[in-house]
Amino acid sequence: MPELPEVETTRKGVSPYCLKQRVKQLIVRQPSLRWPIPGDLSAQICGQQINKVERRGKYLLFHFDHGTLIMHLGMSGSLRVLLANSGGEAVNKHDHVDIIMESGNILRYHDPRRFGAILWTDQPVEEHKLIAHLGPEPLSDPFNADYLTQRCTKRKTAIKSLIMDSKVVVGVGNIYANEALFLSGIHPQQAAGSLKPEQLAKLTHNIRKVLQHSIEQGGTTLKDFVGGDGKPGYFAQQLNVYGRAGSECLHCKTELKEIRQSNRSSVFCPQCQPL
DNA sequence: ACGGCCTCCTGACGGC
DNA sequence: TGCCGTCAGGAGGCCG
């Protein structure tokens, strides 16, 4: 499940093979992603040059002179580079899209569950419906203790739901939400508006910390995005709570509990994260 | 404005 | 061995 660190690692991994490259051909084997891949995408990008690859939240943005290809990896998506001299690799199940560069290198999009998306806009991408209402990047200055405190004011919603709301802050998926709350000693069901500023400062810090740490780890697996079997970088995480329900808390040995919030699993330590 | 729930999809896994 | 039900999960969309 690509979380923000995996998307950022993907961006870094594919960028060198995209920058200043013209698209030679687009092959769409399966257009039915979360939304249909636009039928005119090929006409839009073939012969055009990619100027930059950016990331906004978990969206990858491929900037052309006249528009932007917006890509999301959803739950199960991955993007890797097949090198021109690799002799042509077999197309596997769920390899839905190839973007072939003039260099002969190929960007191959793979997404078994098809929760991802590949879209096109010729408008400023920051005005696009999917991008315009996104909150700040979690690793940017605007995401700070004051900001989070302000966004929590008078909010009755559970803090975990709030930090996973992309209108509040982008890129905090279920795994990192659980981990950041554990590190902050905050119960996932605590009402956002009832948290003290000190707690929210701690939470802000820990959200940044877990994401930054993962991005740094991702840097070591960049090679996995090019050539080889192309396993995308799902970094071996040292997770404190996620996936450990029923096991002992690594701090106090209390049994970790699991609850459902908005149909998502939350794992926490009842001792370290009291309500 | 807010909060909760549904939905898309496939692979993995448990039960029988 | 195989079939079937259930679950996971990002995030937009919808409803109350």
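Keep in mind that this is a model prediction, so the values were computed, not measured. Chain letters run A, B, ... following the sequence lines, proteins first, then strands; residues in each count from 1.
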Using whole Å, report how far NZ of A:K167 lies from P of B:dG4.
13 Å

Under 3.5 Å, side chain of A:S15 to main-chain N/O of A:K12, donor-acceptor pair present?
no

A:I131 CD1 to C:dG10 C1', straight-line distance once rounded to whole Å:
14 Å

How long is the line joining NZ of A:K58 and C1' of C:dG12, in whole Å?
14 Å

Using a cut-off of strictly less than 4.0 Å, decide whether A:K129 has a side-chain nitrogen or oxygen near OP1 or OP2 of C:dG13.
yes

What is the distance, to the nearest angstrom, from the CG atom on A:L4 to the P atom on C:dG10?
12 Å

What N/O pairs connect the protein and nucleotides 3-5 of chain C at under 3.5 Å? Give each pair on its own line.
none

Check the distance between B:dA1's C1' and A:R151's CZ and give it to me in whole angstrom.
11 Å

Hey, is the side chain of A:K156 poking within less than 4.0 Å of OP1 or OP2 on B:dC2, counting only N and O atoms?
no

Check the distance between C:dA11's P and A:L119's CG and give it to me in whole angstrom.
14 Å

A:R260 side chain N/O closer than 4.0 Å to the phosphate oxygens (OP1, OP2) of C:dA8?
yes

On the nucleotide C:dG12, are OP1 or OP2 found under 4.0 Å from the side-chain N or O atoms that A:Y59 carries?
yes

Without decimals, in angstroms, what is the distance between A:D165 CG and B:dA1 C1'?
12 Å

Using the side-chain contact (heavy atoms from CB on, under 4.5 Å) criterion, which residues pair with A:S247? Sequence neighbours excluded.
A:R244

Scanning all shown strands, the Watson-Crick or wobble mate of B:dG4 with both distances under 3.5 Å is C:dC14

May I ask you to say whether A:E8 pairs ionically with A:R55, meaning some side-chain N is under 4.0 Å from a carboxylate O?
yes

Indicate yes or no: does A:E198 engage A:K196 in a salt bridge with an N to O separation below 4.0 Å.
no

Taking only side-chain nitrogens and oxygens of A:S166, does any of them come within less than 4.0 Å of OP1 or OP2 of C:dG12?
yes

Output field: ring centroids A:W120/A:F64 closer than 6.0 Å
yes

Under 4.0 Å: is that the gap between some side-chain N or O of A:H72 and OP1 or OP2 of C:dG10?
no

Rounded to whole angstroms, how far apart are CG on A:N178 and P on C:dA8?
12 Å

A:L19 versus A:V53, closest heavy-atom pair with distance
CD2-N, 4.0 Å

I'd like to know if the side chain of A:S140 and the backbone of A:E137 have a donor-acceptor N/O pair within less than 3.5 Å.
yes

Could you tell me whether the side chain of A:E179 and the main chain of A:V241 form a donor-acceptor pair under 3.5 Å?
yes

With sugar-phosphate meaning primed atoms plus P, OP1 and OP2, does A:L73 contact a base, only sugar-phosphate, or nothing at under 4.0 Å between heavy atoms?
nothing

Main chain of A:K209, side chain of A:N206: is a donor-acceptor contact present, judged purely on distance under 3.5 Å?
no

Just by protein heavy atoms under 4.0 Å, how would nucleotides 6-12 of chain B read 5' to 3' in B, S and -?
--BBBS-

Side chains of A:E3 and A:I175 in contact at under 4.5 Å (non-hydrogen atoms)
yes

